[in-house]
Amino acid sequence: QLEFITPFQLYFNPDLIFRKFQIWRLITNFLFFGPLGFSFFFNMIFLYRYCRMLEEGSFRGRTADFVFMFLFGGFLMTLFGLFASLFFLGQAFTIMLVYVWSRRNPYIRMNFFGLLNFQAPFLPWVLMGFSLLLGNSIIIDLLGIAVGHIYYFLEDVFPNQPGGKKLLLTPSFLKMVFDTPEEDPNYNPLPEDHPEHQPRDQDQNEQQHPQ
C-alpha cells in the first residue's frame with residue numbers, strides 16, 4: 001500500500017520462479033489481497049476469524065498438524081497455478097480455511113449480513129455467490145473449495161471408511177519444531193524441583209524477608 005514494492009514483484013509467475021529463481025513468489029502470491037477496499041477487508045476478517053477458530057478448535061494442541069494443513073493446501077494451489085493463469089492465491093487460501101472449518105462444524109447456524117440463515121457447510125458457497133455478485137471471478141473460490149475438500153476428505157472422511165487409512169501424516173520435523181515435546185516418563189527431577197519442596201522454600205523466604 002505504501003508502494004515500496006509493486007504487485008508485479010509478488011504475483012505467481014512460474015517462468016520467473018523456475019528460470020529466474022525468484023522463489024519468494026511461491027509465498028508472496030498468497031499475501032497480496034489487492035488494494036485497500038471492501039474486498040481486502042473482507043478477506044482479512046475471514047482469514048483472521050476462521051484461522052483463529054481452527055487453531056483454537058480442532059487444531060488445539062496440534063500446531064504441527066495446523067502448519068502441515070497450510071503447506072498441503074499451498075502446495076496443491078501452487079500446482080493448480082502452474083496450469084492456470086492465476087496470479088494471486090490468497091483468497092483461495094482463505095476459502096480453504098473456511099471450508100475446513102465449516103465441514104468440521106456442520107450444525108452451527110450462520111447469519112450472513114442479516115439476510116441469509118443457513119448451516120455452516122453452506123458458508124463457502126454463500127461466499128462464492130457473494131464474490132460473484134461483486135463481479136469477481138469464482139475460479140479462485142472454486143479452487144479454495146476444491147483444495148479444502150481434498151484436505152477434509154483425506155483427513156476426516158477416508159480414514160474412517162472401511163479399509164481406509166490416514167494418508168496425511170505430519171512430518172516429524174514439524175512436530176519437533178512446533179509441538180511441545182512429551183515428558184519422558186523415566187525422567188527423575190532434581191529434589192529442589194519436586195512440588196512438595198516449593199511451599200517450604202516459599203515459607204523460608206518469607207521468614208527471612210518479612211514484610
Please find out if less than 6.0 Å separates the ring center of Phe12 from that of Phe87.
no
Assess whether side-chain contact (heavy atoms from CB on, under 4.5 Å) is satisfied between Leu54 and Val100, documenting all intermediate values.
CA-CA 8 Å; Leu54 279 174; Val100 173; 4.2 Å; yes
Measure across Pro124 and Pro121 and return the closest heavy-atom pair with its distance rounded to 0.1 Å.
CD-O, 3.5 Å
Report yes if some heavy atom in the side chain of Leu31 is under 4.5 Å from a heavy atom in the side chain of Phe88; otherwise report no.
no
Please report the interatomic distance CZ(Phe118) to CG(Asn111), rounded to the nearest 0.5 Å.
7.5 Å
Treat each ILVMFWY residue as a node, draw an edge where side-chain heavy atoms are under 4.5 Å apart, and state whether Ile23 and Phe8 are in one component.
no
So, Arg103 and Asp156, do they make that salt bridge, N to O below 4.0 Å?
no
Among Phe93, Phe59, Trp101, Tyr99, which residue satisfies the ring pair (Phe, Tyr, Trp, His ring centres under 6.0 Å) criterion with Tyr50?
Trp101
Starting at CD1 of Ile17, measure out to NZ of Lys20 and round the result to the nearest 0.5 Å.
14.0 Å
Examine Phe42 together with Phe130 and report whether their ring centres are nearer than 6.0 Å.
yes
Can you find a pair of side-chain heavy atoms, one from Ser131 and one from Gln91, that are under 4.5 Å apart?
yes
Within 6.0 Å of CZ in Phe46, more than 12 heavy atoms from elsewhere
yes
For atom OH of Tyr48, is the number of surrounding heavy atoms from other residues, nucleotides or ligands below 6.0 Å larger than 12?
no
Is Phe40 linked to Leu47 within one hydrophobic cluster, defined over Ile, Leu, Val, Met, Phe, Trp and Tyr using a side-chain heavy-atom separation of less than 4.5 Å?
yes
Is it the case that over 12 heavy atoms from other parts of the model lie below 6.0 angstrom from the CZ atom of Phe38?
yes
One should read off an interatomic distance between Phe68 CZ and Leu168 CG, to the nearest 0.5 angstrom, of 5.5 Å
Within a strict 4.5 Å, meaning less than it, do heavy atoms of the Met77 and Met96 side chains meet?
yes
Atom pair NE2 (His149) and CG (Leu142), whose distance is rounded to the nearest 0.5 Å
13.5 Å
Reported CZ-to-CD distance for the pair Phe72 and Glu155, which is rounded to 0.5 angstrom:
9.5 Å
On a heavy-atom basis, which atom in Gly144 and which in Ile95 lie closest, and how many Å separate them?
C-CG2, 4.0 Å
Lys166 versus Pro159, closest heavy-atom pair with distance
CA-CG, 3.9 Å
Single-linkage hydrophobic cluster, 4.5 Å side-chain cutoff, Leu143 and Met69 together
yes
Can a salt bridge be assigned to the pair Glu56 and Arg62 using a cut-off of 4.0 Å between side-chain N and carboxylate O?
no
Between Val147 and Gly73, what is the shortest heavy-atom contact and its length?
CG1-CA, 3.7 Å
Check the hydrophobic clustering (I, L, V, M, F, W, Y; side-chain heavy atoms under 4.5 Å; chains of links allowed) and say if Phe33 and Ile5 are grouped together.
no
Please check if Phe83 and Phe30 belong to a single hydrophobic cluster, counting links between Ile, Leu, Val, Met, Phe, Trp and Tyr side chain heavy atoms closer than 4.5 Å.
yes
Taking the six-membered ring of Tyr11, is NZ or CZ of Arg25 closer than 6.0 Å to its centre and within 45° of its axis?
yes
If you measure from CD1 on Ile27 to CG on Leu89, what distance do you get to the nearest 0.5 Å?
13.0 Å
Which atom pair, heavy atoms only, marks the closest approach of Cys51 to Leu97?
CB-CD1, 4.0 Å
Kindly give the heavy-atom pair with the smallest separation between Arg109 and Gln119, and that separation in Å.
CD-OE1, 2.6 Å
I'd like to check Leu82 versus Phe18 (side-chain heavy atoms, cut-off strictly below 4.5 Å). Are they in contact?
yes
Counting only heavy atoms not in Trp24, do more than 12 sit closer than 6.0 Å to its CH2 atom?
yes
For Leu16, does its backbone N or O pair with a side-chain atom of Asn13 as donor and acceptor, under 3.5 Å?
yes
